[in-house]
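To keep things clear, I will list the structure first and then write my remarks on it.
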Amino acid sequence: MDLALLRTFVTVHRAGSFTRAAALLGLSQPAVTSQIRTLERQVGRPLFLRQARGVTPTTIGDELAHKAAPHLDALVEIAESGLEEDSSLRTLHLAGPPEFTAERALPALTELTNEDGQGFALRASFGTADEVLEGLAAGHHDLAISTVRPRGALLTATALCDEEQVLVAAPHRAEQIGAGTLRRTGPAALERVPIVEVHESLPFVARYWASVFDSRPVCPGTVIVPDLRAVLACAAAGAGLAVLPRYLVAGALERGEVVALHEPAVPPLRTYFLAVRTGTLAMPHIARAHEWLERAAADWC
């Protein structure tokens, strides 16, 4: 069986689409379709069911993917390590959200890069949950940190830690709002306060409002910046209220740069997952990084 056909097949299986697989492989969609048809003729059974949006693997397709994918990943690992100047030094490719990866994961893994004779080179990239999981499935990353649990059998996820969400604003904003009366008045006291967020859809604020107040935020976002660290800086400067993870805002709270507007009995939580391609934990450097992050996360919660 042609390894090139298997590589195309596994990419389609992971991407769930001929179009996305073609983009990942640098091929045309007709070329991908032709290769899959050739492989189906060799196997003697259909491997995918064509649907309006993408493809779904058949039972035979799932079985073949589960058998072939770990071996193809291992071959890629061998090829990549062979291209490195020092073949004894493995490279770990990590992907995740920029703030959590920068503040939590990378400092923890840096300790492993300094171990004499046992360390590894580290490469990191940032993206949304969908982007990092798609890149992991396509073989671009070894580990992915995501706030979405991946579906399907080709990716395996472990709950890493829970992130507490905190409603904050600059001290003078809190005085204007009358934060002490928020428990009595509810979100009505916040309706005229500008919002600082990472996206126009207000993902953090909307989740907080739904969980704590059982309502939706009224005021649209006034400042939209695609990084939680920038959200914190804007909130501290008085641009408006923000909902931020406690690990990121703890220092600013201690220094009095922002204050918590509300302390609900049960604060909203967001779970981070550590994902790998199924079978790749057999690779020592991936297994060590995975275990190291799990141990470090025990102190993050």
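Since we're looking at a predicted model, the values are computed, not measured.
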Q. Relative to each other, are the rings of Phe9 and Phe48 parallel, tilted or perpendicular (30° and 60° limits)?
A. tilted
(Q) If we check side chain to side chain donor-acceptor pair (under 3.5 Å) with Thr38, which of these qualifies: Glu40, Gln35, Arg41? (A) Arg41
Q: Verify, without hydrogens or angle tests, whether Arg20 (side chain) and Ala15 (backbone) share a donor-acceptor contact under 3.5 angstrom.
A: yes
**Q.** side-chain hydrogen bond (donor to acceptor under 3.5 Å, both in side chains) contacts touching residues 216-226 (sequence neighbours left out)
**A.** none
Q. Does the side chain of Pro187 reach to within under 4.5 Å of the side chain of Trp209, using non-hydrogen atoms?
A. yes
(Q) Given the ring of Phe100, does Arg104 sit roughly above its face, with NZ or CZ under 6.0 Å from the centre of the six-membered ring and within 45° of the axis? (A) no
Q) Roughly how far, to the nearest 0.5 Å, is CZ of Arg149 from CG of Leu133? A) 11.5 Å
Q. Is a side-chain N or O of Glu197 found less than 3.5 angstrom from the main chain of Val205, in a donor-acceptor match?
A. yes
Q) Considering residues, nucleotides and ligands other than Arg50, do more than 12 of their heavy atoms fall under 6.0 Å from its CZ? A) yes
Q) Quick one: do Leu3 and Leu47 end up in the same hydrophobic cluster if we chain Ile, Leu, Val, Met, Phe, Trp and Tyr together by side-chain heavy atoms under 4.5 Å apart? A) yes
Q. Is there a side-chain contact between Phe273 and Leu160 (heavy atoms, below 4.5 Å)?
A. no
(Q) I'd like to check Val276 versus His290 (side-chain heavy atoms, cut-off strictly below 4.5 Å). Are they in contact? (A) yes
Q. Looking only at side chains, do Gln51 and Thr56 share a donor and an acceptor under 3.5 Å apart?
A. yes
Q) Just wondering, do Val132 and Ile145 contact through their side chains at under 4.5 Å, heavy atoms? A) no
Q) Can Arg229 and Glu99 be counted as an ion pair, charged N to O under 4.0 angstrom? A) no
Q) Any chance the rings of His262 and Phe213 have centres within less than 6.0 Å? A) yes
Q.
Between Arg277 (side chain only) and His141 (backbone N and O only), is there a donor and an acceptor less than 3.5 Å apart?
A. yes
Q.
Would you say that more than 12 heavy atoms from the other residues, nucleotides or ligands in this model lie under 6.0 Å from the CZ of Arg295, or not?
A. yes
Q | Backbone of Pro267 reached by a side-chain donor or acceptor of Gln165 within 3.5 Å | A | no
Q: Might you work through the side chain to side chain contact (heavy atoms under 4.5 Å, CB included) test for Thr278 and Leu155, ending with a clear yes or no?
A: CA-CA 5 Å; Thr278 301; Leu155 297 182; 5.5 Å; no
Q.
Distance check, rounded to the nearest 0.5 Å: Leu39 atom CG versus Thr8 atom OG1?
A. 9.0 Å
Q) Val168, Leu202: one ILVMFWY side-chain cluster at the under-4.5 Å cut-off? A) yes
Q) Is the closest side-chain heavy-atom distance between Asp227 and Val198 below 4.5 Å? A) no
Q.
For Arg173 versus Ala239, what's the shortest heavy-atom pair and its separation?
A. NH2-O, 3.9 Å
Q: Look at Glu263 together with Arg246 and state whether they make a salt bridge at an N to O cut-off of under 4.0 Å.
A: yes
**Q.** Test item: side-chain donor near acceptor, Glu103 and Tyr247, under 3.5 Å
**A.** no
Q) Any donor and acceptor pair, going by atom type alone, linking the side chain of Asp142 with main-chain N or O of Ile286 inside 3.5 Å? A) no
